[in-house]
Amino acid sequence: LAKTTQPISMDSYEGQEVNITCSHNNIATNDYITWYQQFPSQGPRFIIQGYKTKVTNEVASLFIPADRKSSTLSLPRVSLSDTAVYYCLVGVPMDSSYKLIFGSGTRLLVRP
Amino acid sequence: GAVVSQHPSWVICKSGTSVKIECRSLDFQATTMFWYRQFPKQSLMLMATSNEGSKATYEQGVEKDKFLINHASLTLSTLTVTSAHPEDSSFYICSALGGLAGELFFGEGSRLTVL
């Protein structure tokens with residue numbers, strides 16, 4: 001299982017764009033990259049998933065370079081409610097042995 | 001989107017008692033469910049993989065006789081913490097694999113406090 005490395009914490013201000021980078025040097029060919037958000041005392045919530053290049057949805061963008069050894073979650077114009085822990089995970093969706101191993105995550109603090 | 005529900009959301013029990021936590025997939029069938037444990041300010045730690053109709057697969061260091069997992073149907077998995085002790089106090093989270101893209105959906109979590 002590929003291990004992921006993220007910054008432990010990040011600070012930002014309301015309205016700014018936040019980019020959180022994750023390293024996954026040992027990512028396997030079939031692995032997808034998935035990001036989750038977690039608020040205190042809640043289960044993680046799916047943000048975005050991608051395999052290569054760029055993926056965008058209504059809440060975030062995910063940038064994946066050609067070598068796929070890293071990925072960057074981009075949150076446009078963050079608000080106070082985006083203060084949370086963000087986890088980057090790699091694995092093969094729909095595989096019967098699919099299981100996600102969580103790394104330390106990045107604790108994002110958005111200030112007014 | 002798909003929903004996974006846990007019950008109870010919080011429970012307080014006396015040391016030595018057993019506590020059961022339920023995890024249900026509400027609008028999809030989940031052949032595979034996962035149980036995690038999370039201590040304050042720490043990441044989620046995978047405890048076991050629960051497969052419908054078969055025995056759960058436990059991660060290294062997790063006592064299978066301590067944490068009993070039953071996945072009797074495609075929509076329900078249960079985690080029973082047997083003879084709970086204060087060190088078992090934690091936030092327990094389940095997840096279920098579903099959806100067309102193999103998305104992993106998480107429950108709301110269950111906070112266990114053992115006195």
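FYI, side chains are in, hydrogens and waters are out, and symmetry mates aren't considered; it's all heavy atoms of this structure. We name chains A, B, ... by the order of the sequence lines, and we start the count at 1 in each one.
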request  = Measure from the side-chain N and O atoms of A/R68 to the backbone N and O of A/Y51, and report whether any donor-acceptor pair falls under 3.5 Å.
outcome  = yes
key: Region of B/I93 that comes under 4.5 Å of a non-hydrogen atom in chain A   = side chain
Side-chain donor-acceptor pair present, A/S79, A/S81, cut-off under 3.5 Å = yes
task = Give the minimum heavy-atom separation between A/N25 and A/K69, together with the two atoms involved.
result = O-NZ, 3.2 Å
task = Side chain from CB out, backbone as N, CA, C, O: work out which of these in A/R45 comes under 4.5 Å of a heavy atom of chain B, or both, or neither.
result = neither
query = With a 6.0 Å cut-off on ring centres, are B/F106 and A/F102 close enough?
reply = yes
ask   = Who wins among A/G105, A/S41, A/S104 for the most heavy-atom pairs under 4.5 Å with chain B?
value = A/S41
remark   = Checked B/Q6, B/M45, B/K41 vs chain A; the most non-hydrogen pairs under 4.5 Å come from B/K41
task = Would you mind checking which part of B/Q38 comes under 4.5 Å of any heavy atom in chain A, side chain (CB onward), backbone (N, CA, C, O), both or neither?
result = side chain
query = Which value, rounded to the nearest 0.5 Å, describes the distance between B/H7 atom NE2 and B/E22 atom CD?
reply = 6.5 Å
